[in-house]
Engineer: 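Below is the structure I would like to discuss, written out as structure tokens.
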Protein chains: 2
Amino acid sequence: MTQASTPTLVTVAERAGVSRQTVSNVLNSPEIVRPDTRERVLRAIDELGYRTNVVARQLRTRRSFLLGLRMPPAADGISGQVLDRFLHALTEEAQGSGLRIMLFAAADDEAEIREYENLRTTTGIDGFVLTATHSGDTRTRWLSDHDIPFATFGRPWDPEPAGRAAEASAEGVPPKPGHHAWVDIDGRAGTRAATRHLLDAGHRRIAFLGWPEGSGVGDDRHAGWLAAYEEAGLEHAVVQRAEDGVAEGTAAANRALADPGVTALVCVSDSIALGALEAVRELARSEPDRAPVAITGFDDTPVAGAVGLTSVAQPIDQVAARIVEQLRAQIDGRPEDVPDHQVLIEPRLVVRTTSRTEHRR
Amino acid sequence: MTQASTPTLVTVAERAGVSRQTVSNVLNSPEIVRPDTRERVLRAIDELGYRTNVVARQLRTRRSFLLGLRMPPAADGISGQVLDRFLHALTEEAQGSGLRIMLFAAADDEAEIREYENLRTTTGIDGFVLTATHSGDTRTRWLSDHDIPFATFGRPWDPEPAGRAAEASAEGVPPKPGHHAWVDIDGRAGTRAATRHLLDAGHRRIAFLGWPEGSGVGDDRHAGWLAAYEEAGLEHAVVQRAEDGVAEGTAAANRALADPGVTALVCVSDSIALGALEAVRELARSEPDRAPVAITGFDDTPVAGAVGLTSVAQPIDQVAARIVEQLRAQIDGRPEDVPDHQVLIEPRLVVRTTSRTEHRR
DNA sequence: GTCCACTCTTGGATCGTTCAAACCCGGCTC
DNA sequence: GAGCCGGGTTTGAACGATCCAAGAGTGGAC
């Protein structure tokens, strides 16, 4: 009668002539097992094709090595392409660190918080990855308060949780670090590089096409444009705002280009930039005499590469790697081993044809 | 002393003055418990905030209600946007049926199969969702052979696994249904509707801009264009092929439009269509006399809506719903309850401005 | 009043792993 | 040689649920 069922610790133990615990030790703390015994056990494991049952382990240790991630609403924050790449990178990085990603859905932040609780108590999920942080985000606070490991893609956009520390110490609770673990891309540095690139090419009136004020990400990117102007010691020019979208981008660009002095457009996203590209082409047709208009986008989506759009590339792989690193450390209970809890990653300007319109000085 | 730890069945049982099994029955087969007892137990559950520990349950029952999904390589098969929406819909549908999605990464099909085995024996995953099926796909065969529940988004593109049934019956193995569970979108019907729509508008020479031959999805969409022509009793016109991409689309469109009789372009994807749109605008500029050229795309990505591109919308939600339905049935061991193991869903033509160029008859 | 049938409840065993403490045994000290 | 030490290994219990078979309770029929 062959061993039909999958082998367990006991099966392996019998085969190697030791006890279950010794087998367990070989797997979890091999250094405390005498080398020859270890060898014998390893051979038995190999012969039987034993694989540890993580469910049983989880029941005992209360560690799942599972990370929860809410599928963010498609239209929200990070755009489709970016999310896709992030999910990819995150899955790979997590897997490399012995973690797994579990998805869940939630209608809003409140539902998401309920789901945290739910997943935590029923499935024993170890931690969460949050995306699309925004100002007034209640999720981070809740997770901190419940001592649940988490890290966010996106920095906290609130001014400062000032009342927090005071309140905690007043109650005698050990003062937690007011800031949670997060990784973000330095949008400011991105648009600053893009703007500087255009200034270097001789452009002087560079318009910024942004999202409506109030979104942290958008305001941050706007700030980079401002900063480049300040550093150059110049007066900054036009700002036009619109919701994200190609058509919206065209409209915003047209408004900006109504100012005849504008020779370049720094856009808050590739969608806006694509729309702007359209407007610029139309303009070149209707006003052939006007100086060529340069454009930069943001996100470096595949479509940007296709149409030759200069754009700011987000190193998503790095973001995912750092997030996993931070979560892994929190789960292992050694958060002090990770030097930075807050990481700003500098994006990279990818220069293509749409910004190559050299401009007379 | 307050009850600090999370409540278990025993905690609830004590509170309700019954045994653990009764509590379990209330949860799993409430109909066999006397109403007043049930009421009392439910109250206790509620008061204590008891939540069943799925890990413990899983250890006993060997059911995880977990579905594995490989994060498909970004460039592959279904394009980014579609994948994104699919993941979304799948997560929601699964959650609605008491299932969860767990992601994993794999470099190629072989690695994916290894991961099936791995996830199955260690994590006890119940089934898998496969995307990007292709001809010569070894994954489905492996899963069938190992009796692991799965369903694919995408039909099997192989001619016919003819040798399969014969081989199986020769070995005395009970003949499995040769076909596995799959759900796909009827691309043929989609391009057929698009082409018919253009024929109805008076267009006669409608070019098809497709992918290189050999991809199941691409050939299927090509077939729809052919079918519409045949049904109309007309000679079909030009075909141009290119890899997916905006720039590639522009190039292909230019080649097609070299034929002066062509007045419309049916494109295999929105990317190609966007490129074609570019080519058509350029043409309108350089040859103002030429009749306006109509365009249709495929996938109905957000960008299509933005630029007014007529496109074929894939009802991804339905795909996800059917896949979950099939997997749920397989996991519950009642596959016969699902009427169709193979589902082709008809897409919907979304008419926008790019195909509204009425054409003289 | 006794017995039976039926319904609901109960305690024990089990899934596969890890924790905690006990055990064994050779080497060393006094 | 008794006692102690300590590395290496074993044993018993626990994690929290479900399965199984047997126990208790109720009501009706004779």
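Values reported hereafter were calculated over all heavy atoms of this structure, with side chains retained and with hydrogens, waters and symmetry mates removed. The chains referred to below are lettered A, B, ... by the order of the sequence lines, with proteins before strands, and numbering in each begins at 1. As the structure is a computational prediction, the values presented were derived from the model and not from experiment.
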Engineer: Is any side-chain N of the basic residue among Asp109(A) and Arg70(A) closer than 4.0 Å to the acidic one's carboxylate O?
Structural biologist: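 Yes.
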Engineer: Look only at the side chain of Ser64(A) and the backbone of Gly124(A), and say whether a donor-acceptor pair between them is shorter than 3.5 Å.
Structural biologist: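 Answer holds: yes.
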Engineer: Grab the N/O contacts between the protein and nucleotides 14-21 of chain D below 3.5 Å, and write none if there aren't any.
Structural biologist:
{"from": "dA14(D)", "atom 1": "N3", "to": "Arg60(A)", "atom 2": "NE", "distance (Å)": "3.0"}
{"from": "dC15(D)", "atom 1": "O3'", "to": "Arg62(A)", "atom 2": "NH2", "distance (Å)": "2.7"}
{"from": "dG16(D)", "atom 1": "OP1", "to": "Arg62(A)", "atom 2": "NH2", "distance (Å)": "2.7"}
{"from": "dG16(D)", "atom 1": "N2", "to": "Ala56(B)", "atom 2": "O", "distance (Å)": "3.4"}
{"from": "dA17(D)", "atom 1": "OP1", "to": "Tyr50(B)", "atom 2": "OH", "distance (Å)": "2.6"}
{"from": "dA17(D)", "atom 1": "OP1", "to": "Asn53(B)", "atom 2": "N", "distance (Å)": "3.2"}
{"from": "dA17(D)", "atom 1": "OP2", "to": "Leu9(B)", "atom 2": "N", "distance (Å)": "2.5"}
{"from": "dA17(D)", "atom 1": "O5'", "to": "Tyr50(B)", "atom 2": "OH", "distance (Å)": "3.3"}
{"from": "dT18(D)", "atom 1": "OP1", "to": "Asn28(B)", "atom 2": "ND2", "distance (Å)": "2.8"}
{"from": "dT18(D)", "atom 1": "OP1", "to": "Arg57(B)", "atom 2": "NE", "distance (Å)": "3.2"}
{"from": "dT18(D)", "atom 1": "OP1", "to": "Arg57(B)", "atom 2": "NH2", "distance (Å)": "3.2"}
{"from": "dT18(D)", "atom 1": "OP2", "to": "Ser24(B)", "atom 2": "OG", "distance (Å)": "2.7"}
{"from": "dT18(D)", "atom 1": "O2", "to": "Arg60(B)", "atom 2": "NE", "distance (Å)": "2.9"}
{"from": "dT18(D)", "atom 1": "O4", "to": "Arg20(B)", "atom 2": "NE", "distance (Å)": "3.3"}
{"from": "dC19(D)", "atom 1": "O4'", "to": "Arg60(B)", "atom 2": "NH2", "distance (Å)": "3.3"}
{"from": "dC19(D)", "atom 1": "N4", "to": "Gln21(B)", "atom 2": "OE1", "distance (Å)": "2.9"}

Engineer: Less than 4.0 angstrom from a charged side-chain N to a carboxylate O is my criterion; do Glu325(B) and Arg322(B) meet it?
Structural biologist: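 Yes.
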Engineer: Which nucleotide of DNA chain C is the first, and which the last, in the 5' to 3' direction, to come under 4.0 Å of a heavy atom belonging to chain B?
Structural biologist: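 Contact span on the strand: dC8(C) to dG16(C).
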Engineer: To the nearest 0.5 Å, tell me how far Leu87(B) CG sits from Leu103(A) CG.
Structural biologist: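 One gets 5.5 Å once the value is rounded to the nearest 0.5 Å.
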Engineer: Classify the ring geometry of Tyr116(A) against Trp142(A): parallel below 30°, tilted from 30° to 60°, perpendicular beyond 60°.
Structural biologist: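 Ring orientation of Tyr116(A) relative to Trp142(A): tilted.
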Engineer: Identify whether the distance between the nearest side-chain nitrogen and carboxylate oxygen of Glu115(A) and Arg100(B) falls below 4.0 Å.
Structural biologist: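 Answer for the salt bridge query: yes.
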Engineer: Does the Thr152(A) side chain pair with the main chain of Gly154(A), one donor and one acceptor, at a distance under 3.5 Å?
Structural biologist: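 A pair under 3.5 Å: yes.
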Engineer: Using a cut-off of strictly less than 4.0 Å, decide whether Thr37(A) has a side-chain nitrogen or oxygen near OP1 or OP2 of dT9(D).
Structural biologist: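 For dT9(D), OP1/OP2 do have a side-chain N/O of Thr37(A) under 4.0 Å.
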Engineer: Going by an N to O cut-off under 4.0 Å, is there a salt bridge joining Asp145(A) and Arg141(A)?
Structural biologist: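 Yes, Asp145(A) and Arg141(A) are salt-bridged.
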